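Small disclaimer: the values here were computed from a predicted structure and weren't measured. All residue numbers in this chain count up from 1 along the given sequence.
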Amino acid sequence: HVRGVVDVPFRQGTFAVNSSLPDAFDAADIELIEEVAQVLGDGFSRLADFHALESRNVALERTMAGRRRAESALGESERRYQDVVENLPIGVAHTAPDGRILYLNPYARRTMGYAEEDLSSVSVKDFYVHPRDRDDLIKALAEHGEYAYEHQFRRRDGRVLWMRGRTRAVRNES
């Protein structure tokens with residue numbers, strides 16, 4: 001028994017108002033119905049935006065959880081690597097091209113007679129009995145990226161040791 005209908009479309013659907021009376025809606029009623037349809041459309045758009053945001057948040061939380069798991073696994077891997085290097089029965093050294101000592105593992109420190117806190121005041125250049133040996137190493141690293149050697153090195157107490165080793169250049173931003 002519908003005699004009058006105002007049907008206002010909006011992006012997500014249609015807002016319809018029915019009346020059993022003919023010509024039940026005047027211009028002011030239609031304007032109000034159109035405003036209500038606009039508000040409904042805005043509300044549905046916001047709801048859709050909210051659902052999209054909620055979905056993105058869930059995806060972000062999954063990504064962050066995965067990243068936390070990866071960081072934890074990386075930390076564990078680094079701890080295992082550090083444990084291996086710290087306990088190797090061979091010397092491991094990281095030095096800068098200018099001779100600064102960045103790291104000596106405990107075996108290398110004991111062999112050379114230095115405590116960890118001493119390393120900031122010493123240069124790897126101080127270890128070489130013959131400076132030309134270091135020059136040869138620098139040249140070989142520049143040309144080939146690695147160098148096998150058998151050189152004499154001086155311990156902190158002045159004793160001379162023969163050492164055999166291999167050095168490899170690690171090139172990066174720093």
Q | CE-CZ distance between M64 and R69, expressed to the nearest 0.5 angstrom | A | 12.0 Å
Q | Main-chain N/O of D98 paired with K125 side-chain donor or acceptor, under 3.5 Å | A | yes
Q. Is E116 atom CD crowded by more than 12 heavy atoms from other residues, nucleotides or ligands, each under 6.0 Å away?
A. no
**Q.** Note, F44 side chain near R46 side chain (heavy atom, < 4.5 Å)
**A.** no
Q.
I need the minimum non-hydrogen distance between Q12 and G41, along with the two atoms involved.
A. OE1-O, 3.4 Å
Q) Do H130 and H151 have side chains that get closer than 4.5 Å, going by heavy atoms? A) no
Q) Within the distance-only criterion (no hydrogens, no angle test), does the side chain of S123 pair as donor or acceptor with the backbone N or O of G99 below 3.5 angstrom? A) yes
Q: Taking all non-hydrogen atoms of both residues into account, name the closest pair between A108 and G91 and its distance.
A: CB-CA, 3.7 Å
Q | Atom of A169, atom of L141 and distance for their closest heavy-atom approach | A | N-CD2, 3.7 Å
Q: Carefully, step by step, assess Y103 and V85 under the rule side-chain contact (heavy atoms from CB on, under 4.5 Å).
A: CA-CA 11 Å; Y103 171 78; V85 171; 3.4 Å; yes
Q.
Count I, L, V, M, F, W, Y as connected when their side-chain heavy atoms are under 4.5 Å apart, and connections chain through other members. Are L137 and M163 then in the same cluster?
A. yes
Q | Distance in Å, R109 CZ paired with N105 CG, rounded so as to fall on 0.5 Å steps | A | 7.0 Å
Q.
Are the side chains of R79 and D83 in contact, using a 4.5 Å heavy-atom criterion?
A. no
(Q) Would the distance check show the side chain of R154 and the main-chain N or O of M112 forming a donor-acceptor pair, the cut-off being under 3.5 Å? (A) no
Q: Answer with yes or no whether the hydrophobic clustering places I101 together with Y149; edges join I, L, V, M, F, W, Y residues whose side-chain heavy atoms lie under 4.5 Å apart.
A: yes
Q. Could you state the interatomic distance from CZ (R110) to CZ (R155), rounded to the nearest 0.5 Å?
A. 11.0 Å
Q.
Using ring centroids (six-membered ring only for Trp), state whether F15 and F10 fall under 6.0 Å.
A. no
**Q.** Contact check, side chains of R68 and S72, non-hydrogen atoms, under 4.5 Å
**A.** no
Q. In Å, rounded to the nearest 0.5 Å, how long is the span from CZ of R164 to CD1 of I90?
A. 13.0 Å
Q) Where the side chain of N87 meets the backbone of V84, is there a donor-acceptor pair that is under 3.5 Å apart? A) no
Q.
Please evaluate residues R100 and L119 with respect to the criterion side-chain contact (heavy atoms from CB on, under 4.5 Å), reporting the C-alpha separation (whole Å), side-chain torsions for both, the decisive distance (0.1 Å), and the verdict.
A. CA-CA 9 Å; R100 281 178 296 124; L119 297 178; over 6 Å; no
Q. Hey, what do you get for CZ (R132) to CG (D135), rounding to the nearest 0.5 Å?
A. 9.5 Å
Q: Say whether V8 and L40 are linked into one hydrophobic cluster, either directly or through other cluster members, by side-chain heavy-atom distances under 4.5 angstrom.
A: yes
Q: For the pair Y114 and F127, name the ring-plane relationship: parallel under 30°, tilted 30 to 60°, perpendicular over 60°.
A: tilted
Q) Can you check whether H51's main-chain N or O pairs, donor with acceptor, with S55's side chain at less than 3.5 Å? A) yes
(Q) Ignoring hydrogens, what is the shortest heavy-atom contact between E150 and W162? Give both atom names and the distance. (A) O-CZ3, 3.8 Å
Q) Would L161 and T111 satisfy side-chain contact (heavy atoms from CB on, under 4.5 Å), going step by step from the backbone distance to the final call? A) CA-CA 9 Å; L161 304 172; T111 300; 3.8 Å; yes
Q. Under 4.5 Å between side-chain heavy atoms, hopping through other hydrophobics if needed: is there a path connecting Y128 to L104?
A. yes
Q.
Please give me the minimum heavy-atom distance between R11 and S45, naming the atom from each residue.
A. NH1-OG, 4.0 Å
Q | Approximate separation, where rounding is to 0.5 Å, of E31 CD and D26 CG | A | 10.0 Å
Q. Under 3.5 Å, is there a donor-acceptor pair linking the side chains of E61 and N57?
A. no
Q) Is there a side-chain contact between E78 and Y81 (heavy atoms, below 4.5 Å)? A) no
Q.
Are R3 and S19 packed together at the side-chain level, in the sense that at least one heavy-atom pair is separated by less than 4.5 angstrom?
A. no
Q. Does the side chain of E54 reach to within under 4.5 Å of the side chain of F50, using non-hydrogen atoms?
A. yes
Q. When hydrophobic residues are tied together by side-chain contacts of less than 4.5 Å, even through go-betweens, does I30 share a cluster with V36?
A. yes
Q: Starting from the C-alpha separation in whole Å, work towards a yes-or-no answer on side-chain contact (heavy atoms from CB on, under 4.5 Å) for I138 and D136.
A: CA-CA 6 Å; I138 297 297; D136 292 345; over 6 Å; no
Q) With side chains defined as the heavy atoms from C-beta onward, is the minimum distance between L47 and D49 less than 4.5 Å? A) no
(Q) Side chains of E146 and T167: any donor to acceptor distance under 3.5 Å? (A) no
Q. Of the non-hydrogen atoms in F25 and D29, which two are nearest, and what is the gap between them?
A. CA-OD2, 3.6 Å
